[in-house]
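It should be emphasised that the depicted structure is a prediction, and the values quoted were computed from it without experimental measurement. Chain naming here is simple, since letters A, B, ... match the order of the sequence lines and numbering starts at 1 in each.
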Amino acid sequence: MNEISEHDIIVVGGGAAGLRAAIAAVQADPRLDVAIVSKVYPMRSHTVSAEGGAAAVIKPNDSLDEHINDTISGSDWLADQDVVEAFVREAPHELIQLEHWGCPWSREPDGSIAVRPFGGMKIERTWFAADKVGFHLLHTLFQTSLKFETIKRYDEWYGTKLLVENGRCQGIVAIELRSGQVRLLAANAVILCTGGAGRIYPFTTNGAIKTGDGMAMAYRAGVPLKDMEFVQYHPTGLPGTGILITEAARGEGGILVNKDGYRYLQDYGLGPPEPWPRLRAMELGPRDKLSQAFVHETRKGRTFAGPYGDYVHLDVRHLGEEKINTKIPFVRELAHRYAGIDPVHEPIPVRPVVHYMMGGVHTDVSGATPLPGLYAAGEAACVSINGANRLGSNSLTECLVFGARAGRHAAALAAQHPPRDRAALAAQARDEASRIAATFIRKDTGAERVAALRAEMTRAMEEGTGIYRDEASLRKTCDVLRELRDRFPSIRLDDRSLSFNTELIAALELDFMLDVAEAVAHSALARTESRGSHQRTDHPRRDDTRFLKHTLAYRTDAAPRIDYLDVVITRWPPAERVYGR
Amino acid sequence: MTGPYRRPVPSTWWLHNRAYFLFMLRELTSVFIAAYLILLLILLYRLNAGRGAYESYLRFLGAPGMVTFHVIALAAALFHTVTWFNLTPKVLVVRVGARRVPAPIIAGVNYAAWIVFSALVAWIVLRG
Amino acid sequence: MPDPTITLEIFRYHPEQNETPSFRRYEIPYREDWVVLDAINYIKDHIDGTLAYRWSCRMGVCGSCGMMINGTPRLSCAAFLREYYPNPVRVEPLANFPVERDLVIALDDFMHKLREVNPWLIRAHEQPLSDGEYRQTPDEVAAYKQYSMCINCMLCYAACPVYALEPRFLGPAAIALAQRYNLDSRDQGRSQREAVLSSEDGIWDCTLVGECTVACPEHVDPAGAIQRAKLASTIDWYKRVLMPWGGR
């Protein structure tokens, strides 16, 4: 390996956070050159699948304080309040910026931005572009990024390792998929925008690429993963495929009913069903409460039984064909194609499905991690605005606000041009290339298959770290993950070639996912309370004395080391979460 | 290492798919229409050259082969016209508010105009 | 009765091992609710780990998994096995593109062309963000919305015989995206895109076969976009010729 590609900043990941970070960096300092390294072409990034919208205060009946309130109570008081304030304050600016770049936001008749209600929000503040918001946001950002000549892209390059030298992150090692070559990319700053890790579960809305690569790379470089036990189940996914049916379906007035046609959420502290629609109530409660209610409803035997597990009905028929076609056309298309029903005439079968990781790489409010030169933003990061439960439509905005922040701060650091330890970086990269070759390519012993180990991992995660958890099942999951980790070196690939070796990439992804899964399971085991999306049947109460804290998981050769960090509380002292009233 | 593989495009590509075939057929109609126009130009030239020349050309056009050609050319012209009219909604996007005027209406206007003009021509030609 | 099965014939090509491609047959369990992508994933996981293809969202929006399925360009996540059962399904990489390996095509050409058409909002004067959003009525959104739905899946290029015969042709998706910005009431950059659109390899290469529109899974209607661009370009030309002093 003789070539070193050198850049001022490397952004890993080409989704909303990554593209926003890259644009922010070159706008902050046009002399900098920025590389986007992404394992897929940027327009394939999982941002594309977000449907419902992006939250920001824009209407006169709304206020920053209301958005802060909703976000903090939604987080079950685990969000850092200084960070939430910064987020809410900068959110409108970022969404208007997207508008100025061409995002086709839906409009009011007078041409101003239209907003829709969303779960857990007291006032409607979700900007939308019908129900393909992530898609439009991603393509707007991607197409806008094309006009900056100082942004260079490495499309279909898969990052395998962060290079830390002299206490600073100075680049990454990545595989160019086309040639299979392992390359060194050096930089003054690296921003991880690699998204979440929904694929550690068997049943998820997440696309195949959501394998926690950035989280694991940071974790291996000694950076802690924060609040990993908080995994969001979206209450409405299609059974079988896990395809997302957006919360906007409920924002527009859709209802959830059990097999008796009863709006069961009223039995779980989400308020009387009438009048409807009503904000912060019933179907517009937060996602954690809705998914938990489903589990109880199933235990009572009041859900439908289907070939892909139990389900309930999401009914939007009363909205009428006209409204369904203008506001949620993608819902109609997805339900028709993948569930074989037309929501205009029939209710949609839905069940909770793994959707989002609140946790991620530990960063401060600027997106900086404890490792100098390393930043993170978007779902890959935990900054933290989402705490124990994210509110729908906060995550796209989070990608923009903290992508931009990370980009600007990385630019300021990169402009100082700290010296690079080229020889040491090259040596590290050579070692990484040898490791990959020795572990996967030049080895034809072992009997484990990637897909089989992956299936065992996802099953263990579902069994131990689902909507409800307890010590026994968590311990079992931790044991299974350790056993899988031990078996991993016996993986044998069918494909030992170089060009576009997707089996090799799948093996490296599994390697990363096992790390992320262990962080999730051990963080969940250690948190002996129930808060937001983390519900322990053996510790059913929230415990603010011991656990008004972020979990920090550090990687060791054995089980992760768990530490804690106080939550930042400013003006909103912990209180009971009240919905429905 | 041979690099990316480029698949050859066979010269029969247009036979592989009904849509491509119909497209080629439409392109082919122009040959018949061009031939018809040449015959028409010759007709004008003969008319100018005098009565005898004109009448001998009319006899030539009356031969069975030429009648067959004209029937084919008419079919070709009709095929081209119909497919073209059906495509006009793609080119002409008329909006009334947020709604697009439906394709059948745009195409229908073409057909209506066609009928009106054909009737006009028929009236001029046939009234004498 | 044995469990039903279905046969997939998959195009295989490996640049390190083959001069020319071949087809390999796989017999797999038939499931009525499986799409072709599920079948390919089954092969990858259980039979042959060497098969290379792209996929991610499996819900028809990321645009990764376009393939020729029985000769027609489709998203493999939206093509159900039951449409073909009990007959075999033939899967090939998208037509008209160079093949990197197996079902993976090279996208470089499109990525280059996309940039050529300046697919971003161009304005003479940028309004400060503090002044809020540009106003745009629902009707004005509707004027370009359809062309903004392109997921860059490349099915339209695979369906276009003009692109097959003349790879320099700008192609359906790139032109549709240029039109998407040209028709946006906030945009003022049409003249900047005109040079590329009206170039030798631009809109006038299109002979209106119309198959791009048939192939498009998002109902973008690129064929319509191209014809409208031709009309607009023609009107511009007449304006310039007939009213050289005119301006606007």
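- The backbone N or O of Gln127(C) lies less than 3.5 Å from a partner atom in the side chain of His100(A), making a donor-acceptor pair.
- Rounding to the nearest 0.5 Å gives a distance of 9.5 Å between CG of Asp495(A) and CG of Leu51(C).
- Only the side chain of Glu51(A) comes within contact range of chain C, with at least one heavy atom under 4.5 Å from a heavy atom of that chain.
- Within the 4.5 Å cutoff, the side chain of Phe142(A) has heavy atoms near those of the Leu114(C) side chain.
- Here CZ of Phe135(A) is found 6.0 Å from CE of Met149(C). Values are rounded to the nearest 0.5 Å.
- Ranked by heavy-atom pairs under 4.5 Å with chain C, the list Gly207(A), Ala451(A), Ser145(A), Ala208(A) is led by Ala208(A).
- Using a 4.5 Å cut-off between heavy atoms, Thr205(A) contacts chain C through its backbone alone, with no side-chain atom that close.
- Using a 4.5 Å cut-off between heavy atoms, Cys150(C) contacts chain A through its backbone alone, with no side-chain atom that close.
- Here the side chains of Cys62(C) and Met43(A) are not in contact, with every heavy-atom distance at 4.5 Å or above.
- For the set Phe330(A), Trp105(A), Tyr308(A), the count of heavy-atom pairs under 4.5 angstrom toward chain C peaks at Tyr308(A).
- The candidate with the highest count of non-hydrogen atom pairs below 4.5 Å against chain C, out of Ile209(A), Leu244(A), Thr47(A), is Ile209(A).
- Across all non-hydrogen atoms, the minimal contact from Leu498(A) to Glu16(C) is N-OE2, 3.1 Å.
- Interface summary for chain A: among Glu140(C), His46(C), Lys44(C), the most heavy-atom pairs under 4.5 angstrom belong to Lys44(C).
- Contact between Lys145(C) and Pro104(A) at its shortest, heavy atoms only, is CD-CB, 4.2 Å.
- Considering only heavy atoms from C-beta on, Asn118(C) stays 4.5 Å or farther from Lys147(A) through its side chain.
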I would like to know whether Ser499(A) and His14(C) meet side-chain hydrogen bond (donor to acceptor under 3.5 Å, both in side chains); could you show each step before the answer?
CA-CA 8 Å; Ser499(A) 171; His14(C) 197 302; 5.4 Å; no
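- You'll find the side chain of Asp110(A) reaches within 4.5 Å of the side chain of Arg135(C), heavy atoms only.
- The line from OG of Ser497(A) to CZ of Arg101(C) is 4.0 Å long, rounded to the nearest 0.5 Å.
- Counting heavy atoms from C-beta on, the side chains of Gln143(A) and Leu177(C) come closer than 4.5 Å.
- The part of Leu334(A) that comes within reach of chain C is its side chain, from C-beta onward, which places non-hydrogen atoms under 4.5 angstrom from that chain.
- With a 4.5 Å cut-off on non-hydrogen atoms, Asn206(A) touches chain C through its backbone but not through its side chain.
- Neither the backbone nor the side chain of Arg123(C) comes within contact range of chain A; no heavy atom of the residue lies under 4.5 Å from a heavy atom of that chain.
- Proximity to chain C (any heavy atom under 4.5 Å) is restricted, for Lys132(A), to the side chain, taken from C-beta onward.
- Asp45(C) and Arg454(A) make their closest contact through OD1-NH2, 3.1 Å (heavy atoms, listed as atom of the first residue, atom of the second, distance).
- Heavy atoms closer than 4.5 Å to chain C are found in the side chain of Glu156(A), but not in its backbone.
- Looking at heavy atoms from C-beta onward, Glu99(A) lies out of side-chain contact with Leu129(C) at the 4.5 angstrom threshold.
- No part of Glu116(C) comes within reach of chain A, as not one of its non-hydrogen atoms sits under 4.5 angstrom from that chain.
- Once rounded to the nearest 0.5 Å, the distance linking CZ of Phe80(C) with CZ of Arg337(A) reads 7.5 Å.
- Between the side chain of Arg186(C) and the backbone N or O of Gly102(A) there is at least one donor-acceptor pair closer than 3.5 Å.
- Taken to the nearest 0.5 Å, the CZ atom of Arg115(C) stands 5.0 Å off from the CD atom of Glu149(A).
- At distances below 3.5 Å, not a single donor-acceptor pair connects side-chain atoms of Glu133(C) with backbone N or O atoms of Ser112(A).
- Annotation: residues 52-61 of chain C contacts chain A through Ala52(C), Tyr53(C), Arg54(C), Trp55(C), Ser56(C), Cys57(C), Arg58(C), Met59(C), Gly60(C), Val61(C) [non-hydrogen atoms, separation under 4.5 Å].
- For the residue pair Arg496(A) and Thr50(C), no side-chain donor N or O sits within less than 3.5 Å of a side-chain acceptor on the partner.
- Residues Asp108(C) and Arg178(A) meet the side-chain proximity criterion, which asks for heavy atoms closer than 4.5 Å.
- Within the 4.5 Å cutoff, the side chain of Leu146(A) has heavy atoms near those of the Pro119(C) side chain.
- Using a 4.5 Å cut-off between heavy atoms, Asp184(C) touches chain A through its side chain atoms alone.
- Listed options Val141(C), Asp48(C), Val104(C) were ranked by heavy-atom pairs under 4.5 angstrom with chain A; first place goes to Val104(C).
- Ranking Lys210(A), Glu108(A), Glu333(A), Gln97(A) against chain C, the residue ahead of the rest is Gln97(A), based on heavy-atom pairs under 4.5 Å.
- Residue with the most contacts toward chain A among Ser148(C), Cys153(C), Ser130(C), Ala106(C): Ser148(C) (heavy-atom pairs, distance under 4.5 Å).
- Among residues 19-43 of chain C, the residues having any heavy atom closer than 4.5 Å to a heavy atom of chain A are, in sequence order, Arg31(C), Asp33(C), Val35(C).
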